Amino acid sequence: MKKTHSVTSRILSGHLVEGGLEPGTEMAIRIDQTLTQDATGTMACLQFEAMGAPRVQTELSVSYVDHNTLQNGFENADDHRFLRTIAAKYGMWFSPPGNGVCHQAHLERFGVPGKTLLGSDSHTPTGGGIGMIAIGAGGLDVAVAMAGGAFNLPAPAATLVWLKGKLRPWSSAKDVILEILRRKTVRGGVGRVFEYGGPGVKTLSVPERATITNMGAELGCTTSVFPSDERTLEFMKAQGRASSWKPLEADAGACYHDAFEIDLSKIEPMVAMPHSPDNVAAVASISGMPVDQVCIGSCTNASLKDMTTVAKMLKGKQVARGVDLVILPGSRQTLQALAESGDLAAMIAAGARVAECVCGPCIGMGMAPPSGGVTLRTFNRNFEGRSGTADAGVYLCGPETAAASALAGAITDPRGLGRPPRFVMPEKFIPGGASLIPPSKNPESVKIIRGPNIKPLPRRKAMPASLDGKVLLKVGDNITTDHIMPAGGKVLPLRSNIPAISEHVFAAVDPGFPARAKAEGGGFIVGGVNYGQGSSREHAALAPSYLGVKAVLAVSFARIHRANLVNFGILPLIFEDAKDYARIKQGDAVEIKNVAAQLKSGGGKVEVSIGAGRSSAVRFAHDLSPREIDILLAGGLLNYAGKKTAKKKS
Ligand code: MIC
Ligand code: SF4
């Protein structure tokens, strides 16, 4: 009998290198395309270089510069030049600052249905909008894929999200994903792919689908994916890439692990309130709250449709006095189209600040809101302090709500504004890639240029027979990588300099952490549920590893961060009984004897001695595969890969 496939299982099984699709078991897949961005990409490129491959082995690898673009000093500029030269040498495309936010630019220029994409950024699943299995990972995993290695991950379960109906005027794709976050929470997608299907799919364009798959990252999903259909073809045709299109649909009777339904016609404008993307309510329920700032852009909501809608809403009107409206189109293609249509002029005349096509305020690179202020953003994350202002309240919404609120000076439900503007997808997009640089035709002649901001990669020693030390820090539930390794204008420029960036680990939680970790010769971190949610930044593992963190003992881990901990030699252990979390305090002594034997014993259990005289034994579980155990014992993935290559050579 012929096997029936979902979109997810069709792409995954077509790329399977090792393992199978049984959820939770380790699988390895072949990666067709990679995407890196500058904040994670310098490390990824240094790691790729350390692996010694002569050239990238993927079908396509693109290096984007979109995060670290303030250029307050030489640091960002050094990174950009390094990335440009290393891309030319090793066969990557290079997308310089101003060309666009990686996910939007990739969707427009390079996304291909049915392919796999691995990106060193957690919002890589944006590519699911065009029918790719697009997954976010740490830079080291992406470097391995660039060198031709497979990507290992726990096989995800597939959830069918059945869309029916059609969005009503003023409701948008952002409201759909906010409603899903309201229902499912930031943990609702852990270990799963959300695959969209049903008659509602065809009512959404590719950029709208991409808004939904983008914020699957906030659900904790491994990825999210839409089928590839006539609407996908329409988008690719308009991008001048129809020849790369292929249809991709789930077979009738395809099996899913579970399913739920969204009636698009019932979706109303929604908003996520501080400080979590799942703290969602209807806009109507908080309308009237005064706003200080409105930001429209980011990899979630900066498509031509989003921008045109906003421009048409602003046309002939004035932004409310005292409201700072910042607009960041997602790509040069979009910005150029807005300039040519006159929509840009409407934004400017209304009083908006039109900024570059970069991440900008989404990652705290400028435009921080005022103290205690309210900022309404079309972005995807509103974690405390991420905006650059510790006590600001960040609210997330769709572009229609954002523009209506900027005009009114207070949170406003756009449904009171009469008929919404109409947007017709252009038959042909302006390519807009004037600054995009293809790989060099003469790679031998390219010299890689490193400035003083690019420091060599720190290496970790193999894991000792036993681990001991103190609990350096105990934190609560849902700790984000922004808590562990903050971003923003001060810290981001240090991404290529691990000794310097390590001084900022846990800066907002406990500024004394780096000094204490060093004084104690390293130690342990205790965490609650979903430790390490949010970004893919491996610096949240690499910098603690540099400070000597030996293990993280948590109730549960977010997928990408757990993989990053393993890659950098930090042992992730899970409380067997979550109640034991309460028994441990900061400063407690910890010892894990015979780590290798305990990890390899097969039962998935580890005994840890904790407390005065290390007298009380607490049981932990681990879900590490034999490969991951070997990586940890070697002191991280780079050492492990090096050992394997040495073995092969001898
Ligand atoms: C983010 O949105 O948090 C980032 C900045 O894009 C990160 C990557 C990084 O920290 O460099 C992500 O989402 O992975
Ligand atoms: Fe950039 Fe923000 Fe998207 Fe991250 S979430 S890639 S910082 S726009």
Side-chain angles (χ1 to χ4, degrees), residues 163 165-179 200 203-205 207-208 211-212 262-273 280-297 300-329 334 337-338 340-354 374-379 395-426:
L163 300 179
K166 188 174 180 305
L167 285 171
R168 281 179 305 172
W170 294 114
S171 294
S172 72
K174 179 64 156 281
D175 302 315
V176 176
I177 189 66
L178 288 177
E179 167 61 16
T203 68
L204 300 169
S205 64
E208 291 174 293
T211 294
I212 294 174
I262 295 280
D263 183 349
L264 296 173
S265 66
K266 299 235 163 73
I267 297 289
E268 54 179 312
M270 306 297 276
V271 59
M273 300 181 293
V280 173
V283 173
S285 71
I286 57 161
S287 70
M289 179 189 289
V291 293
D292 299 286
Q293 186 193 53
V294 176
C295 298
I296 304 179
T300 316
N301 268 134
S303 68
L304 186 59
K305 175 179 190 275
D306 292 334
M307 292 289 146
T308 309
T309 306
V310 167
K312 301 243 182 296
M313 289 176 71
L314 296 179
K315 193 166 181 179
K317 304 203 175 88
Q318 283 296 300
V319 172
R321 285 248 160 81
V323 174
D324 194 12
L325 170 64
V326 184
I327 301 181
L328 306 102
T334 303
L338 293 170
E340 292 189 9
S341 66
D343 285 333
L344 185 61
M347 291 172 166
I348 296 169
R353 298 164 69 180
V354 182
V374 169
T375 174
L376 186 63
R377 302 175 158 205
T378 66
F379 305 168
Y395 292 73
L396 308 173
C397 66
E400 295 80 359
T401 301
S405 308
L407 290 170
I411 294 185
T412 301
D413 187 331
R415 288 174 299 179
L417 300 182
R419 287 229 322 240
R422 218 168 89 80
F423 172 76
V424 185
M425 178 84 81

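For clarity, every value in this text was computed on a predicted model and none was experimentally measured.
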Measure the spacing between [atom1] of [X] and [atom2] of [Y] and express it to the nearest 0.5 Å.
X	Y	atom1	atom2	answer
Gln293	Asp324	CD	CG	5.5 Å
Lys166	Asp263	NZ	CG	13.0 Å
Leu376	Cys295	CG	SG	9.0 Å

Would you confirm whether [X], through its side chain, and [Y], through its main-chain N or O, come within 3.5 Å as a donor-acceptor pair?
X	Y	result
Ser303	Pro207	no
Arg353	Val326	no
Asp292	Val374	yes

Would you call [X] and [Y] a side-chain contact if the rule is heavy atoms closer than 4.5 Å?
X	Y	value
Thr300	Thr378	no
Ile262	Leu264	yes
Asp343	Met307	no
Thr401	Val271	no
Leu338	Thr308	yes
Val291	Tyr395	no
Leu167	Asp175	no

Listed pairs under 3.5 Å, donor-acceptor, residues 408-425 side chains, sequence neighbours left out:
unit_1, atom_1, unit_2, atom_2, d
Thr412, OG1, Ala410, O, 2.6
Asp413, OD1, Arg415, N, 3.0
Asp413, OD1, Arg415, NE, 3.1
Asp413, OD2, Arg415, NE, 3.2
Asp413, OD2, Arg415, NH2, 2.6
Arg415, NH2, Glu268, OE1, 3.1

Please give me the minimum heavy-atom distance between [X] and [Y], naming the atom from each residue.
X	Y	result
Ile212	Ala173	CG1-O, 3.7 Å
Val310	Ile296	CG1-CD1, 3.7 Å
Lys305	Glu208	NZ-OE2, 3.5 Å
Val323	Val319	O-CG1, 3.7 Å
Pro329	Thr334	CB-CG2, 4.2 Å
Cys397	Lys174	O-NZ, 3.1 Å

| task | With sequence neighbours left out, write down each residue that passes side chain to side chain contact (heavy atoms under 4.5 Å, CB included) with Ser287, or none if nothing qualifies. | result |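 If we apply the side chain to side chain contact (heavy atoms under 4.5 Å, CB included) test to Ser287, skipping adjacent residues, there are no hits.
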
| Leu407: side chain to side chain contact (heavy atoms under 4.5 Å, CB included) partners, not counting sequence neighbours |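 By the side chain to side chain contact (heavy atoms under 4.5 Å, CB included) rule, Leu407 matches Leu314, Lys317.
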
